Participant: 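Before we start, here is the structure in question, set down as structure tokens.
Chain letters run A, B, ... following the sequence lines, proteins first and then strands; every chain starts at 1. All values reported here derive from a predicted model rather than from experimental measurement.
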Amino acid sequence: MQYADHISSDLIERFGPDVFRHQVTADGVLTLWTGKENIVPVVQYLKSNHYPLLYDLCGIDERDRAGKETFTLADFTVVYHLFSFRHNNFIRLKVALSGDYPSLPSITSIFQNANWYEREVYDMFGIRFEGHPHLQRLLMPLTWEGHPLRKEHPARATEMGPFHLYDEKQDLEQEMLRFKPEEWGLQSQGEDTDFMFLNIGPQHPGTHGVLRIILQLEGEEIVDAVPEIGFHHRGAEKMGERQSWHTYIPYTDRVDYLGGVMNNLAYLLAVEEMAGIKVPERVKVIRVMLCELFRINSHLVWFGTFAQDLGQLSPVFYMFTEREKIFDIIEAVCGDRMHPNWFRIGGVAQDLPKGWDRLVREFVTHFPKHLKEYNDMVLRNSLIKARTRGIGVYTLEEAIEWGVTGPGLRACGFEWDFRKKRPYSGYEMFDFDIPIAQNGDCYDRSLVRVEEMRQSLRIIEQCLNNMPEGNYKADHPLTTPPIKKHTMQDIETLINHFLNVSWGPVIPPGEAMSCIEATKGANSYYLVSDGNTSSYRTRIRTPSFAHMQMVPYISKGYTVADLLSILGSVDYVLADIDR
Amino acid sequence: MQHVWIVLGVLFVFLNIAAGLIWVERRLLALWQDRLGPNRAGPLGLFIVLADTLKLFFKEDWIPPFADKWVFILAPTVVVASVLMGLAIIPFAPGIVVADLNVGLMFFLAMSSLGVYSIVLGGWASNNKYSLLGALRGASQMIAYEVFMGLSLMGVVMLSRSFNLTEIVAAQEKIWYVFLQPVGFIIFFIAGLAETHRLPFDIPEAESELIAGFHAEYSGMKFGMFFIGEYLGISLISAMTVTLFFGGWLGPAFLPPVVWFFLKTFLFIGLFILLRASLPRPRYDQLMAYGWKLLLPLVLANLLITGAVALWLKS
């Protein structure tokens with residue numbers, strides 16, 4: 001907080017008092033509005049003054065907003081989130097834009113990773129970024145009409161009229177599929193060689209989902225690579241504007257589909273921040289325990305598939321057997337396995353079932369032994385070492401430049417874990433270490449993940465031994481579903497309960513951003529409420545998006561086989577990239 | 001007449017082994033991977049062999065319009081033919097051999113070298129980038145490992161002073177060559193793995209990188225030929241390992257020689273499958289470096305020492 005005041009006065013001193021307008025937000029992040037002519041110098045200044053990470057960049061269509069505040073006279077807003085590791089501090093810059101299809105200067109010259117973020121904003125809102133090297137749609141098909149996150153764009157297919165594939169349309173779509181290297185910024189000829197272009201995906205066993213990577217090859221050596229994403233785009237952000245605050249929770253489950261309830265947590269932390277709900281200790285510990293189970297789960301999937309990418313066929317079966325045991329626990333607690341939809345605004349859906357501790361204890365006792373076996377089988381294998389050491393290397397500076405978080409960042413020797421540094425949901429109560437490695441290659445990223453499983457196990461053990469007594473829901477009017485205790489006694493409580501259940505809770509106007517250490521890196525929900533039953537804007541910042549953007553950078557000069565090691569070690573989930 | 005029976009017998013037995021390996025491999029892999037494997041059709045799931053073969057026969061046998069049609073058709077036959085020819089010189093028991101050639105070993109090496117054609121031609125004729133990459137990898141891998149395979153066997157030839165396999169087996173009456181030529185055995189087996197492009201040397205196929213590599217475009221029985229060719233190759237290398245290093249049909253008298261031969265052979269087939277279950281795949285250039293920088297000097301040293309010792313013993 002103190003540093004926020006400091007940087008605020010520092011900025012005002014440097015750029016003058018009229019350049020910024022200060023906004024108070026529910027999450028306490030320093031939020032400054034500025035004009036589009038100032039954004040480049042301000043971002044430049046912040047980057048050189050301890051804000052090296054462009055954490056997120058998104059747009060907001062402000063035209064429909066109820067009860068506009070004085071500074072949101074704009075039609076559109078572009079929001080920049082920068083993060084300072086040194087001061088452990090976020091700063092939020094907002095640029096107000098007017099007009100139907102406004103434009104503003106690009107910051108790609110300052111931050112490499114702004115590239116995809118700006119393309120996404122263009123794709124979703126039609127806002128143009130001047131000076132962007134390749135401003136093209138990112139998630140939607142090139143032939144798409146309209147920009148989905150604009151308020152006039154329908155959210156349901158039923159609002160769009162029937163779909164017809166006329167011959168002309170089919171021809172056009174077919175033509176759009178034709179591969180022209182130049183359009184992708186690739187040259188077909190080198191100085192004395194012709195390059196070969198190889199399509200990895202959208203259907204390929206090594207891409208772990210519908211992802212297309214176009215490789216420019218010289219022999220087997222990768223000259224350049226261009227990922228094409230968006231095949232898994234389901235409009236999760238648009239759905240946030242349609243669903244009520246409560247009914248959006250199941251959609252979050254499916255963003256990082258290996259992270260399960262961890263997505264619920266990221267979303268709910270932001271909602272609870274705005275609603276001002278303080279959850280009981282028991283809720284915190286239940287949430288932490290389930291999140292850590294899912295972290296182990298996600299890492300197990302990564303471990304098995306990573307080995308399989310390198311040609312080792314068996315580990316994936318052992319890992320999935322182990323994962324099944326975790327699912328047994330999750331199923332006993334939540335009633336569902338991969339997408340339990342278990343957390344609620346102000347609590348969890350139900351209390352822990354009888355006998356949960358026996359299941360967890362059994363797992364905690366057996367898993368370490370098995371994990372050691374798996375580690376010996378995969379990471380101590382010399383062929384695996386030969387395939388992953390010194391492959392896909394990036395330095396700490398490069399990692400930050402590209403917005404890498406999570407195990408990929410810790411593999412560069414940087415001890416940064418949001419659970420420790422910005423504790424949420426009671427992580428400050430737990431005793432665990434942040435595993436790090438030094439080289440930033442595929443092997444080190446793997447080491448970090450395996451050690452993370454051990455640390456997660458420690459956390460689960462602490463949850464098991466110290467589960468606090470108490471309610472599984474917060475005693476707050478916005479807790480959803482509301483506590484029923486008083487409803488049959490007085491009419492006010494009954495009405496509140498009825499409205500809360502039928503319409504869903506009304507979250508007070510404001511905005512908040514959560515930030516959690518998800519399975520793959522930092523995951524955030526940046527929510528804007530205009531005092532309605534659903535969110536005005538739901539922005540999901542996912543780690544995989546940033547990591548995928550970096551893949552071409554770290555795979556140049558390696559071979560096709562190495563690309564598979566790199567993709568495996570980056571550990572992404574397509575739904576987490578495309579949302 | 002007896003000769004015809006032997007030919008037919010060898011064909012029958014080995015084609016059945018190749019087909020049966022479908023079941024053996026899946027069940028063994030399942031066993032090692034904590035799974036069940038095929039266990040529905042027939043006793044112990046044995047009819048999976050039938051189901052799989054029928055499936056291969058009835059699948060659409062598609063030749064891509066962009067492929068080089070005749071080469072495309074030719075390629076899968078080469079692998080099966082060359083491996084079957086290779087089987088002709090193996091003595092299963094005293095007197096049971098299709099062709100008792102005095103240059104048997106050379107004939108085997110020649111036939112196994114021919115196998116590379118099917119990969120190169122198949123990959124090239126498919127006119128597919130993945131196939132092409134697979135074919136490129138396959139060609140360099142198999143040519144390189146052909147060298148070590150030939151050299152690793154010369155120690156055996158020096159000791160037995162014969163290229164004839166029946167004589168080589170007979171020469172192991174006192175002691176199996178695996179004890180005299182351990183380095184030769186290990187290198188031969190590694191080269192054999194590379195020849196049959198099985199994991200960890202399945203680099204031309206590399207399913208997680210090249211999908212199926214050189215045979216990505218094949219379907220139906222043409223794919224089936226590659227499939228059978230691979231299993232026949234495993235059987236051939238296993239049989240050769242047994243013949244050259246493990247005394248072929250030799251064994252205590254309570255079992256007939258043929259049974260000893262096949263028992264030993266199946267042990268090695270099992271080893272092939274175990275390796276597939278346990279090892280990851282090296283990168284193509286690593287495999288090459290491993291071959292030329294480690295195996296070649298080793299095999300030459302082995303040859304030199306064997307030769308020296310043989311000369312010394314003789315004098």
Participant: Indicate whether the side chain of A:Glu221 and that of A:Thr559 have a donor and an acceptor atom separated by less than 3.5 Å.
Facilitator: no
Participant: What part of B:Arg283 gets within 4.5 angstrom of chain A, counting heavy atoms only: side chain, backbone, both, or neither?
Facilitator: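 B:Arg283 touches chain A through backbone and side-chain heavy atoms alike.
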Participant: Does B:Gln141 reach the main-chain N or O of B:Ala194 with its side chain, forming a donor-acceptor pair under 3.5 Å?
Facilitator: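 Here the side-chain-to-backbone pair exists.
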Participant: Heavy-atom distance under 4.5 Å to chain B: side chain of A:Ile384, backbone, both or neither?
Facilitator: both
Participant: Is it the case that the ring center of A:Phe327 lies less than 6.0 angstrom away from the ring center of A:Phe320?
Facilitator: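 Distance test on ring centres: not under 6.0 Å, no.
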Participant: With a 4.5 angstrom heavy-atom cut-off, could you sort out which part of B:Arg276 is near chain A: side chain, backbone, both or neither?
Facilitator: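 Interface part for B:Arg276: both.
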Participant: Which region of A:Ser565, side chain (C-beta onward) or backbone (N, CA, C, O), has a non-hydrogen atom less than 4.5 Å from a non-hydrogen atom of chain B, or is it both or neither?
Facilitator: neither
Participant: Side chain from CB out, backbone as N, CA, C, O: work out which of these in A:Asn381 comes under 4.5 Å of a heavy atom of chain B, or both, or neither.
Facilitator: side chain
Participant: Please confirm whether A:His547 and A:Tyr572 have ring centers closer than 6.0 angstrom.
Facilitator: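 No, too far apart.
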Participant: Does atom NZ of A:Lys372 have more than 12 heavy-atom neighbours, drawn from other residues, nucleotides or ligands, at distances under 6.0 Å?
Facilitator: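 No - once you tally the heavy atoms of other residues, nucleotides and ligands closer than 6.0 Å, there are 12 at most.
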Participant: Does any heavy atom of chain B fall under 4.5 Å from the side chain of A:Ala307, the backbone, both, or neither of them?
Facilitator: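 No part of A:Ala307 comes within 4.5 Å of chain B.
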Participant: Name the region of A:Ile200, side chain, backbone, both or neither, that has any atom closer than 4.5 Å to a heavy atom of chain B.
Facilitator: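 Looking at A:Ile200, backbone and side chain both touch chain B.
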Participant: Is it true that B:Lys55 and B:Asp52 make a salt bridge, defined as a side-chain N closer than 4.0 Å to a carboxylate O?
Facilitator: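 So B:Lys55 pairs with B:Asp52 through a salt bridge.
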Participant: Nearest heavy-atom pair of B:Arg137 and B:Tyr284: which atoms, and what distance?
Facilitator: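 Minimum heavy-atom contact is CA-CE1, 3.7 Å.
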Participant: I'd like to know which of A:Val560, A:Asn199, A:Leu217, A:Leu198 tops the heavy-atom pair count under 4.5 Å against chain B.
Facilitator: A:Leu198
Participant: So which part of A:Ile391 gets closer than 4.5 Å to some heavy atom of chain B, the side chain, the backbone, both or neither?
Facilitator: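 Just its side chain gets close to chain B.
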